[in-house]
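Before any comments, here is the structure.
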Amino acid sequence: MASTATFALATALTARTDSAHAAAHQICLQLWLASSLLADSLAVAAQTLLARSVAAGNSAVSQLIARRVLRWGILLGVFLGGVLGASSGILPNLFTSDPAVLAGISAIYPWVILTQPINALAFVWDGVLFGCNGFKYAAKAMAVCAAPAISCMLLGLEFSGDYDAQLTSVWLGLSLLMVMRCLTIYIPYRLRRSPFDVMFIKRDTA
């Protein structure tokens, strides 16, 4: 719910700009989300494999799965960022030929590119978290993640009339949301705290 509220606020704030900037935001957002779906496929694999190994009490396999999918997540994010960067002169033109919209896209497209590794890592972390049955923790953590992101977006209201600055504040907020998602999952994982403690418990199967 916190994530939905954050994205809804982003849409509402961009709607306060002109039509060209609002369209630019929607195009970039769809590209951003579409690329994230590829990372989500890794998250689904991580969740399935981890749930199985955790249930079997195989801590060594659980840790190996987590390390490998996280590594692949980073590599995928770097790859997607490279693809989006290399096609920056082509992709936006597939969606619009309006010079004003293209100008708006150019102001925020770098955020779409640079956040790909963070996005991919955040989605894969979600898969690791859910594989450890961390659904309750995820709900609480997302509320913590959304608070600074929403605050950052609302700061954009101070730039009344400067639509580029308003869009930048929205995308800075979205980026902050993903960074916080990574941190709130990484910290308990690193500390071997709940819900990740189950990954490090060796069960006696004798």
Side-chain angles (χ1 to χ4, degrees), residues 1-44 73-126 142-183:
M1 186 172 181
S3 176
T4 302
T6 305
F7 282 97
L9 177 63
T11 301
L13 291 175
T14 55
R16 295 170 64 95
T17 63
D18 59 11
S19 58
H21 283 79
H25 168 74
Q26 286 302 318
I27 291 172
C28 287
L29 183 63
Q30 295 309 311
L31 287 172
W32 197 65
L33 294 175
S35 59
S36 296
L37 287 177
L38 294 175
D40 199 37
S41 64
L42 273 179
V44 172
I74 294 173
L75 292 174
L76 177 61
V78 172
F79 172 75
L80 290 173
V83 170
L84 289 171
S87 58
S88 60
I90 301 173
L91 272 180
N93 291 282
L94 297 178
F95 294 91
T96 181
S97 59
D98 189 317
V101 177
L102 291 172
I105 291 174
S106 66
I108 56 178
Y109 198 79
W111 291 100
V112 179
I113 298 171
L114 295 175
T115 55
Q116 288 306 308
I118 300 172
N119 289 358
L121 194 56
F123 275 92
V124 174
W125 270 125
D126 278 345
M142 186 54 72
V144 174
C145 298
I150 289 174
S151 298
C152 181
M153 291 181 186
L154 292 176
L155 285 176
L157 296 176
E158 299 295 325
F159 302 100
S160 178
D162 188 345
Y163 297 146
D164 284 346
Q166 289 184 40
L167 276 188
T168 298
S169 68
V170 167
W171 278 85
L172 180 59
L174 291 175
S175 302
L176 184 57
L177 176 70
M178 305 308 285
V179 170
M180 290 296 294
R181 282 177 66 181
C182 290
L183 289 176

[X] versus [Y], closest heavy-atom pair with distance:
X	Y	value
Gly73	Ala120	O-CB, 3.2 Å
Gly173	Ala149	O-CB, 3.2 Å
Pro117	Val78	CG-N, 4.0 Å
Gln116	Ser35	OE1-OG, 2.8 Å
Met180	Pro148	CG-CG, 4.1 Å

With sequence neighbours left out, write down each residue that passes side chain to side chain contact (heavy atoms under 4.5 Å, CB included) with [X], or none if nothing qualifies.
X	answer
Ala24	Val101, Ile105
Ile113	Leu84, Tyr109
Pro110	none
Val179	Ile118, Leu183

From [X] atom [atom1] to [Y] atom [atom2], the distance as rounded to the nearest 0.5 Å:
X	Y	atom1	atom2	value
Ser169	Leu174	OG	CG	9.5 Å
Asp162	Leu167	CG	CG	9.5 Å
Met153	Leu176	CE	CG	8.5 Å
Leu80	Leu75	CG	CG	11.0 Å
Asn119	Ser175	CG	OG	7.5 Å
Leu94	Ser87	CG	OG	8.5 Å

*Which residues pass the side chain to side chain donor-acceptor pair (under 3.5 Å) test with Thr115, sequence neighbours left out?*
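Scan of Thr115 (side chain to side chain donor-acceptor pair (under 3.5 Å), adjacent residues dropped) gives Trp32.
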*Any residue meeting side chain to side chain donor-acceptor pair (under 3.5 Å) with Thr168, in chain and number order, not counting sequence neighbours*: none
*Can you check side chain to side chain contact (heavy atoms under 4.5 Å, CB included) on Leu38 and Phe123, steps first, answer last?*
CA-CA 9 Å; Leu38 294 175; Phe123 275 92; over 6 Å; no
*ring pair (Phe, Tyr, Trp, His ring centres under 6.0 Å) contacts in which one or both residues fall within residues 76-96, not counting sequence neighbours*: none
*asked:* Quick test of your reading: applying side chain to side chain donor-acceptor pair (under 3.5 Å), list the pairs with at least one residue in residues 6-25, sequence neighbours left out, ordered by first then second residue.
replied: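 Only Asp18-His21, His21-Asp164, His25-Trp171 qualify under side chain to side chain donor-acceptor pair (under 3.5 Å).
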*Could you give me the CA-CA distance, side-chain angles and deciding distance for Met178 and Leu121, then say whether side chain to side chain contact (heavy atoms under 4.5 Å, CB included) is met?*
CA-CA 9 Å; Met178 305 308 285; Leu121 194 56; over 6 Å; no
*Under the side chain to side chain contact (heavy atoms under 4.5 Å, CB included) rule, what do Leu9 and Leu13 come out as? Steps first, then yes or no, please.*
CA-CA 6 Å; Leu9 177 63; Leu13 291 175; 3.9 Å; yes
